[in-house]
Amino acid sequence: MDYLDNLNPQQREAALYTEGPLLILAGAGSGKTSTMTHRIAYLIEEKGVNPYHILAVTFTNKAAQEMRDRVESLIGSGVNMWILTFHSACLRVLRKHAQLLGYKKDFVVYDPTDQKAAMKNIVKEMNLDDKRYTPAYFLSIISDCKEKELDPKQYLATYGEDPKTKIVYQAYRSYETLLKKNNAMDFDDLLLNAVRVFKQDEAALLEYQNRFQYIMVDEYQDTNFIQYTFIKMLAEKHKNLCVVGDDDQCIYQWRGADIRNILEFEKDFPNAKVVKLEQNYRSTANILAAAHSVIEKNRGRKEKKLWTSKADGQKIAYYRADDERDEAHYVAQQIDHLKRKDLRYSDFAILYRTNAQSRTFEEALSRRDIPYRVLGGLRYYDRKEVKDIVSYMRLVQNPDDDLALLRIINEPKRGIGARTVDKLQALARVRGESLFDTLMDEEVVSGLSAKASAGIRSMVEVIQQYSKEQSNLRVSDIYDGLLVGTGYLKALEEQNNLEAESRIENLMEFKSVIYDYEKDDEQLSLPDFMERIALLAEVDNHDESENAVVLMTMHSAKGLEFPFVFLPGLEDGLFPGWRAFEKEDGLEEERRLCYVGMTRARERLFLTSASMRTLYGKTDYTRESQFLREMDKHLIDGDAIFEKKKEARNSRSLDGYSRETPFNPFDQLKYVKQQVRQRAASGETFQVGDDVTHPKFGRGTVLKASDKIIEVSFRDGSVKKLAAGIAPLTRYIPKNER
DNA sequence: GACATATCTAAAGCC
DNA sequence: TAGATATGTC
């Protein structure tokens with residue numbers, strides 16, 4: 001029991017409190033993983049609880065793996081217990097019980113790319129105005145519904161008879177039918193269907209309730225309704241539920257996370273015990289204080305104040321760059337300077353708000369020969385070549401997977417175009433068989449062009465062959481066989497260009513992934529492997545041992561820490577992003593994100609902004625972030641100019657308009673309305689040839705002007721007709737006349 | 001059916 | 001601006 005000596009009194013209290021509901025409010029860097037793993041070890045070693053009876057749920061595979069490793073090192077042996085992500089836990093439940101819901105046991109899991117492909121087909125069939133109704137539009141609503149446990153009918157009932165709702169309803173229904181037909185579930189279904197199983201089958205629920213006498217949930221602040229329901233149902237019987245979270249780090253509300261889950265835990269579970277972990281072991285006192293000076297501006301948070309026994313440390317550095325290149329240059333220079341022998345490049349992280357910011361940093365780092373690694377952006381498993389070969393593997397596993405077949409039917413090129421595919425699909429539908437079945441019909445195939453029929457015959461043959469023998473072959477052998485047998489590799493080699501080369505490289509990398517899995521599990525079967533990769537994410541890829549500066553978004557950085565952290569782009573409109581003002585609480589969520597970013601730093605924190613930034617082809621002067629202005633100035637060192645130079649900088653502007661335009665869109669709207677009123681009162685009119693500015697379209701020249709309509713040709717080349725008197729136009733006054 | 005050109009759009013992304 | 005996708009042309 002001496003291992004508990006490593007814990008502070010609060011941590012220990014949390015670890016020892018095993019019976020009944022427990023809420024651990026764990027501030028950033030307060031050792032929550034350590035507390036949880038000790039709690040598990042305590043349950044097993046001291047309370048004699050069989051690991052079989054414990055469930056620990058996390059959000060990422062990485063977090064799950066880390067927890068498992070640490071538990072195992074505490075109790076010194078492998079543990080047979082469920083330490084899983086929400087999705088893999090649900091998947092396990094469903095592998096056993098999905099038949100209850102009408103799925104076959106070997107159902108497949110659709111990732112977002114599959115979802116999109118499926119939805120694309122539906123949109124096409126519905127013959128909709130595809131400007132307004134994109135696959136992404138439907139899918140986001142459907143995902144919303146599934147998170148709230150609304151099936152298509154309930155959605156319709158909830159949102160009424162609005163024609164738009166009806167169309168979404170139809171798309172939702174068709175989508176569900178299609179998935180069911182393909183024996184597939186998307187990520188949201190995994191959770192939803194697990195809950196459905198529990199609701200429909202009392203015996204099944206009881207089985208898991210009896211099994212999981214002790215339940216723990218990590219990052220509880222980021223759970224959504226369906227995850228909450230899943231946990232609540234499981235914990236209902238024994239009520240030994242321990243949730244860990246920090247309301248200040250809830251940064252996924254836009255994805256359905258409901259901060260109320262953590263704020264109201266005590267209501268959901270009366271007589272819940274609450275333990276606050278407020279000692280921070282990660283950051284210097286200055287970093288902590290600065291982070292606190294930001295987050296304390298949020299309302300409706302659980303009051304807590306982190307403290308540390310660490311020294312103040314250096315002040316927070318702030319640099320106001322001229323533009324984004326200067327900003328990146330500064331960051332690279334600092335890294336060069338700070339990189340001593342005893343440090344690794346991986347001790348440095350650049351955490352930005354949007355992935356689009358990564359490029360300038362990549363350039364600046366390469367110029368100085370600093371190794372770096374970008375996480376996020378295009379996921380490895382989203383690369384075309386990887387998706388293609390995975391589709392082949394899926395077909396081997398299940399030839400009836402139409403979606404997979406559609407993806408690769410002409411990949412490599414077999415001379416089968418959209419029209420041919422349409423015809424084949426129609427035929428398959430009429431016959432009520434899968435597309436692969438149709439392709440096995442020699443009569444059908446011989447009706448195609450010579451090139452197409454030969455291509456299809458050989459593809460069908462290869463897939464059938466591996467399908468038959470898959471249980472005798474290793475996954476890597478199937479993989480190799482498919483690359484060659486389908487002609488995929490050859491087609492790439494023949495392209496003989498850089499792009500094809502990098503694709504081949506990725507395919508080779510994918511093979512080493514397979515080898516890695518086979519090393520762990522000699523008996524690895526194709527279905528096993530497919531299941532593993534279905535639920536992988538990009539952060540799982542972060543390899544701490546790699547000696548490279550890490551570039552990623554602040555979102556991905558949650559849960560990580562680095563000695564040196566750079567937070568660039570602290571400008572109104574970028575961070576906080578302007579969209580933050582569209583939603584209620586939007587700004588508060590951004591502020592939490594800022595807090596998360598700042599508290600990733602152990603020793604030093606660098607903040608930067610650029611006074612001029614080019615984004616989406618438009619160059620604008622910027623204003624320093626509201627978050628900078630909120631920060632305690634005493635803690636900041638360097639270019640802490642945002643009081644002095646603010647006025648001068650803000651009054652500069654490229655086109656004379658944004659000079660006065662308030663950033664906050666609410667104020668902007670007010671401002672525009674006010675201008676319109678003013679103009680109406682003063683009777684301001686425009687004449688042909690006048691230079692004008694528009695808040696959205698920028699500078700322009702009046703082409704036609706009547707008392708009803710003003711036609712303006714804007715600098716971006718567009719010509720817009722605007723309603724005279726209402727359009728938010730202002731006369732452009734050149735700089736020297738202002 | 002393959003390739004070239006026009007058009008559109010632009011946050012974050014656990015699983 | 002840049003990339004992804006839709007449309008048009010041969």
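Every chain is numbered from 1 and lettered A, B, ... according to where its sequence line falls, protein lines coming before strand lines.
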Centroid under 5.5 Å and tilt under 30°, A:Tyr252 to B:dA12: no
Might you list the N or O atoms of the protein lying below 3.5 Å from N or O atoms in nucleotides 1-3 of chain B, with each pair's distance?
{"unit_1": "B:dG1", "atom_1": "OP1", "unit_2": "A:Gly417", "atom_2": "N", "d": "2.3"}
{"unit_1": "B:dG1", "atom_1": "OP1", "unit_2": "A:Thr420", "atom_2": "OG1", "d": "3.0"}
{"unit_1": "B:dG1", "atom_1": "OP2", "unit_2": "A:Gly417", "atom_2": "N", "d": "3.2"}
{"unit_1": "B:dG1", "atom_1": "OP2", "unit_2": "A:Ala418", "atom_2": "N", "d": "3.4"}

Across all chains, not counting sequence neighbours, the ring pair (Phe, Tyr, Trp, His ring centres under 6.0 Å) partners of A:Phe627 are A:Phe575
Write down the distance between CH2 (A:Trp578) and P (B:dA12), rounded to a whole number of angstrom. 13 Å
Donor-acceptor pair (no angle test) under 3.5 Å: A:Arg255 side chain, B:dA12 base: no
5' precedence on DNA chain B between A:Leu593 and A:Phe59 (nearest-nucleotide basis): A:Leu593
A:Arg613: what forms a salt bridge (Lys or Arg N to Asp or Glu O under 4.0 Å) with it, not counting sequence neighbours? A:Glu327, A:Glu571
Round to the nearest Å and state the distance from A:Tyr352 atom OH to B:dG13 atom P. 9 Å
For A:Gln253, which contact category applies under a 4.0 Å heavy-atom criterion: base, sugar-phosphate, or nothing? nothing
Whole angstrom is fine here: how far is it from CD in A:Gln357 over to C1' in C:dT1? 15 Å
In whole angstrom, give me the gap between the C1' atoms of B:dA11 and C:dA6. 24 Å
Can you tell me if the side-chain N/O atoms of A:Ser556 get under 4.0 Å from OP1 or OP2 in B:dC14? yes
Closest approach to the side chain of A:Lys120, judged atom by atom: which nucleotide of C:dA6, B:dA12, C:dG3 is it? C:dA6
Rounded to the nearest Å, what distance is computed from the CG atom of residue A:Leu375 to the P atom of nucleotide B:dG13? 10 Å
Between A:Phe361 and A:Tyr352, what is the ring plane arrangement, given parallel below 30°, perpendicular above 60°, and tilted in between? parallel
Ignoring backbone atoms, establish whether A:Thr553 has a side-chain N or O less than 4.0 Å from OP1 or OP2 of B:dA11. no
Relative to A:Tyr103, does A:Arg95 satisfy both conditions: NZ or CZ under 6.0 angstrom from the six-membered ring centre, and within 45 degrees of the ring's axis? no
Starting at atom CZ of A:Phe581, determine the distance to atom C1' of B:dA12, rounded to an integer number of angstrom. 16 Å
Roughly, in whole Å, what's the span from CZ in A:Arg353 to C1' in B:dA10? 13 Å
C1'-based separation of C:dG3 from B:dC14 [nearest Å]: 25 Å
Determine: side-chain N/O of A:Asn224 to OP1/OP2 of B:dC14, distance under 4.0 Å, yes or no. no
Just compare B:dA11, B:dC14, C:dT5 and give me whichever is closest to any side-chain atom of A:Glu590. B:dA11
Between A:Trp254 and A:Tyr252, how do the two ring planes meet: parallel, tilted or perpendicular, split at 30° and 60°? tilted
So, using side chain to side chain donor-acceptor pair (under 3.5 Å) as the criterion, who are the partners of A:Asp248 when residues are at least two apart? A:Arg301, A:Lys304
Which part of the nucleic acid, if any, lies within contact of A:Phe86, taking any heavy atom under 4.0 Å across all strands shown: a base, the sugar-phosphate backbone alone, or nothing? nothing
So if I take every side-chain heavy atom of A:Trp254 and compare against B:dG13, B:dA11, C:dT5, which nucleotide ends up nearest? B:dG13
Which residues share a salt bridge (Lys or Arg N to Asp or Glu O under 4.0 Å) with A:Glu385, sequence neighbours left out: A:Arg503
What's the CG-C1' distance between A:Asn61 and B:dC14, to the nearest Å? 10 Å
Can you find a side chain N or O atom of A:Asn355 that sits less than 4.0 Å from OP1 or OP2 on B:dA11? no
Can you name the side chain to side chain donor-acceptor pair (under 3.5 Å) partners of A:Arg600, sequence neighbours left out? A:Gln249
Would you kindly give the NE2-to-P distance between A:His555 and B:dG13, to the nearest whole Å? 7 Å
